[in-house]
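Below: the structure, in C-alpha cells.
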Number of protein chains: 2
Amino acid sequence: MPKQVDHESRRRQIAEAVCRLADESGLEGVTLRDVAARAEVSMGAVQRCFRTKEEMLVFALTYIGERIAARVTTRLVESPAQSARTALGHATTEIALLREEHRAEARVWLAFLAQAAVSPPLAEILRSNYASLQTVFTRLIAEAGGDTGGTEGADGTGAARGKGSHDPECAARTLLALADGLTAHVLIGHLSPDTALAVLDAHLGGLWGE
Amino acid sequence: MPKQVDHESRRRQIAEAVCRLADESGLEGVTLRDVAARAEVSMGAVQRCFRTKEEMLVFALTYIGERIAARVTTRLVESPAQSARTALGHATTEIALLREEHRAEARVWLAFLAQAAVSPPLAEILRSNYASLQTVFTRLIAEAGGDTGGTEGADGTGAARGKGSHDPECAARTLLALADGLTAHVLIGHLSPDTALAVLDAHLGGLWGE
DNA sequence: CACGTTCCGATACGCTCGCATCGCTTCGGG
DNA sequence: CCCGAAGCGATGCGAGCGTATCGGAACGTG
C-alpha cells in the first residue's frame with residue numbers, strides 16, 4: 001500500500017474551504033474548482049476525497065453541525081458553577097451565531113437550511129442536529145425552571161401539560177426557532193446583532209422571570 | 001405602436017412560474033428556460049419582460065412579499081369585530097406559512113432569504129418587507145396588550161401585564177423571528193405543522209396571559 | 001395599400017459547471 | 001531490485017446556463 005495521505009484531515013480542510021466560499025457567495029457559488037483552489041489542493045484531490053459534489057456538501061454540513069454542537073457543550077462544561085439559567089443563556093447565544101466571528105457559520109447554515117428544503121439528504125442531517133439540540137435545551141430549561149422540584153421523566157415525549165413556558169419541550173422548540181429566525185434577520189440586515197441579542201435576552205428573561 | 005401586450009400581467013404570470021419552480025427544486029433550479037416553459041411563454045418573452053435574471057428574481061420576490069402582506073391586511077380587515085388579540089393570532093399564523101396550501105410560498109421565501117444573505121438587492125426587498133410587517137405587528141401588540149378601545153372590556157390598566165406589553169416593538173421582533181424560524185423548521189421536517197402551530201399559540205398565550 | 005416600427009419566438013454564442021480520463025510519480029513488497 | 005498498485009495534477013467532454021442576435025409576423029399610419 002504505497003503513498004498514504006491523511007484523508008480525514010484533508011476532508012476537513014476541504015470542508016473549511018466550502019464554508020469560506022459559501023460565506024462569501026452562497027451555496028451556489030461553491031464549485032469544485034473554487035473549492036480546490038481555496039483549499040490549496042488540486043481538483044483531482046477533491047474528487048478523490050468525495051465521489052460527488054453532494055457528498056462533499058453533506059460532509060461540510062455535518063462538519064459545521066458538529067462544530068456548533070461542540071461549542072454548545074464546551075460552553076456548558078466551561079461554566080458549570082453558574083446557575084442553569086445563565087448556562088441556558090450562554091448556550092442560546094452560542095447557537096444564535098450572532099457574534100461577528102460566527103457570521104460565516106451563520107451564512108453557511110442559512111444556505112444549507114434553504115437547500116435542505118429541496119434536498120432530503122441535507123434535511124436529514126439538519127433534522128438530526130436540531131433533534132439533539134432540542135434535547136439539550138429541553139433538559140436545560142427543565143433544570144433552570146425546575147427549582148420547584150419534580151424531576152421530569154427521562155424519555156417522555158413531553159405531553160403538552162399546561163400551556164406556555166411550563167412545558168420545557170415547547171420552550172426549547174420556541175428557543176431554537178427564535179434563534180434561527182433572529183440569525184436570519186441579522187444576516188439580511190433587518191436587525192442589528194445587538195438588537196437581536198436584546199430580543200433574545202428579553203425572551204429568556206420572560207421565560208421564568210414573570 | 002403595433003401589437004401590444006399587457007406586460008404587467010405577463011410579469012405576474014412569469015413570477016408565478018418562478019415560484020412554482022423554486023418550490024419544487026429551489027432557487028438554483030430556476031432557469032430562464034424552465035421559467036419560460038412553466039409560464040407557457042417563449043424564452044424571448046421572458047427576456048423582454050426582464051432584462052436580466054436577477055431583475056426577474058427581484059420582481060418575483062417583491063410579488064411574493066406583496067401577496068403575503070396583502071393576506072395579513074385582508075385577515076385584519078375581514079375580522080374587525082374580534083378582539084385585537086385574536087387578530088394578532090390570525091395575522092401571525094398568516095405569515096408563518098404553516099398551512100399546506102402555503103408550503104410553496106414558504107419554500108420560496110426561505111430560498112430568497114438565503115440568497116439575500118449574499119445578494120444586496122434581494123436583501124433590500126426583504127428588509128423593506130420585514131420593516132413594514134414589524135410596524136404592523138408592533139401596533140397590533142400594543143393594541144392587544146394596552147388599553148385599547150376594542151370590543152374587549154377594560155381589564156384593569158396594569159395588572160400583571162405580560163413581557164410583551166412592556167415593549168411592543170421587541171415583542172413584534174420576537175414574533176417575526178419566531179414565525180420565520182418555525183416555518184424553516186417545518187420545511188426541513190424537524191417540526192410538524194401542528195407542533196409549530198402549538199408552539200406559536202403557546203408563545204402568543206404567554207405574551208399577555210402569563 | 002404598402003410601409004415601417006414594434007414585438008415575438010427561435011436559434012447562436014461564449015462560458016462554466018460536474019464528472020471522467022489519462023499519464024506521471026511514488027512507494028511497499030516479493 | 002524492480003514491479004505494480006495507489007495517489008496525484010492536468011486536461012477533455014458533454015451539458016446546461018444566461019445572454020445576444022436575427023428573420024419574420026403583426027398592426028397603426030400616411
Side-chain angles (χ1 to χ4, degrees), chain A residues 1-15 17-61 111-112 114-115 118-122, chain B residues 1-61 111-112 114-116 118-122:
Chain A
M1 199 189 269
K3 193 116 175 242
Q4 277 297 56
V5 149
D6 188 351
H7 273 233
E8 211 49 40
S9 83
R10 195 194 294 267
R11 282 180 152 222
R12 282 191 292 271
Q13 177 183 354
I14 290 174
V18 168
C19 292
R20 283 203 297 271
L21 283 173
D23 169 44
E24 293 167 12
S25 39
L27 253 196
E28 79 282 351
V30 175
T31 73
L32 293 187
R33 285 164 178 83
D34 291 350
V35 167
R38 188 60 69 98
E40 287 175 328
V41 299
S42 78
M43 205 172 129
V46 177
Q47 290 186 265
R48 223 167 310 105
C49 284
F50 307 102
R51 238 166 310 161
T52 173
K53 184 187 182 183
E54 184 175 47
E55 195 177 304
M56 181 183 75
L57 293 181
V58 164
F59 180 86
L61 177 55
F112 274 112
Q115 185 85 354
V118 292
S119 165
L122 293 181
Chain B
M1 197 191 265
K3 193 123 176 235
Q4 274 300 55
V5 153
D6 188 349
H7 273 230
E8 211 49 40
S9 82
R10 196 194 289 265
R11 282 181 152 222
R12 282 193 292 270
Q13 177 184 353
I14 291 174
E16 301 269 6
V18 168
C19 293
R20 283 203 298 269
L21 283 172
D23 169 44
E24 292 166 12
S25 41
L27 251 196
E28 80 282 350
V30 174
T31 73
L32 293 188
R33 285 166 178 82
D34 291 350
V35 167
R38 189 60 68 99
E40 289 176 323
V41 299
S42 78
M43 208 170 121
V46 177
Q47 290 186 263
R48 226 167 306 105
C49 283
F50 307 101
R51 241 168 312 163
T52 172
K53 184 187 183 183
E54 184 175 46
E55 196 176 304
M56 179 183 75
L57 293 181
V58 164
F59 181 86
L61 177 55
F112 274 112
Q115 185 85 353
V118 292
S119 165
L122 293 181

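To find a chain, count down the sequence lines: A is the first, B the second, and so on, and within it residues start at 1.
- As rounded to whole Å, 16 Å separates atom P of dC13(D) from atom CD of Q47(A).
- The nearest whole Å value for the distance from the CD1 atom in I14(A) to the C1' atom in dC8(D) is 13 Å.
- For R11(A) (side chain) and C49(A) (main-chain N/O), a donor-acceptor pair under 3.5 Å exists by modelled atom type.
- Here dG18(C) presents its P atom at 13 Å from CD of E54(A), a figure rounded to the nearest Å.
- E8(A) CD to R12(A) CZ: the interatomic distance, rounded to the nearest 0.5 Å, is 5.5 Å.
- Following rounding to the nearest Å, M43(B) (CE) and dT19(D) (C1') show an atom-to-atom distance of 7 Å.
- Pairs passing the ring pair (Phe, Tyr, Trp, His ring centres under 6.0 Å) check and including a residue from residues 25-59 of chain B, sequence neighbours excluded, read F50(B)-F59(B).
- OP1 and OP2 of dG18(C) both lie 4.0 Å or more from every side-chain N or O belonging to T52(A).
- Rounded to a whole Å, the NZ atom of K53(B) is 4 Å from the P atom of dG18(D).
- The backbone N or O of E55(A) sits nowhere less than 3.5 Å from a side-chain atom of T52(A) that would complete a donor-acceptor pair.
- Rounded to whole angstrom, the span from the CZ atom of R10(B) across to the C1' atom of dG9(C) amounts to 11 Å.
- Each of V30(A) and G44(A) lies near DNA chain C, and the nucleotide nearest V30(A) is the one positioned closer to the 5' end.
- Interatomic distance, CG of D34(A) versus CE of M43(A), reported as 10.0 Å (0.5 Å rounding).
- Here V46(B) lies out of heavy-atom contact (under 4.0 Å) with every strand.
- Rounded to an integer number of Å, the gap from R48(A) CZ to dT26(C) C1' is 13 Å.
- Rounded to a whole Å, the CZ atom of F50(A) is 16 Å from the P atom of dA20(C).
- Within the 4.5 Å cutoff, side-chain heavy atoms of V30(B) are placed close to those of M56(B).
- How far CD of Q115(A) is from CG of L57(A): 7.5 Å, rounded to the nearest 0.5 Å.
- For the segment residues 31-40 of chain A, the set of residues with a heavy atom within less than 4.0 Å of an atom of DNA chain D comprises R33(A), in numerical order.
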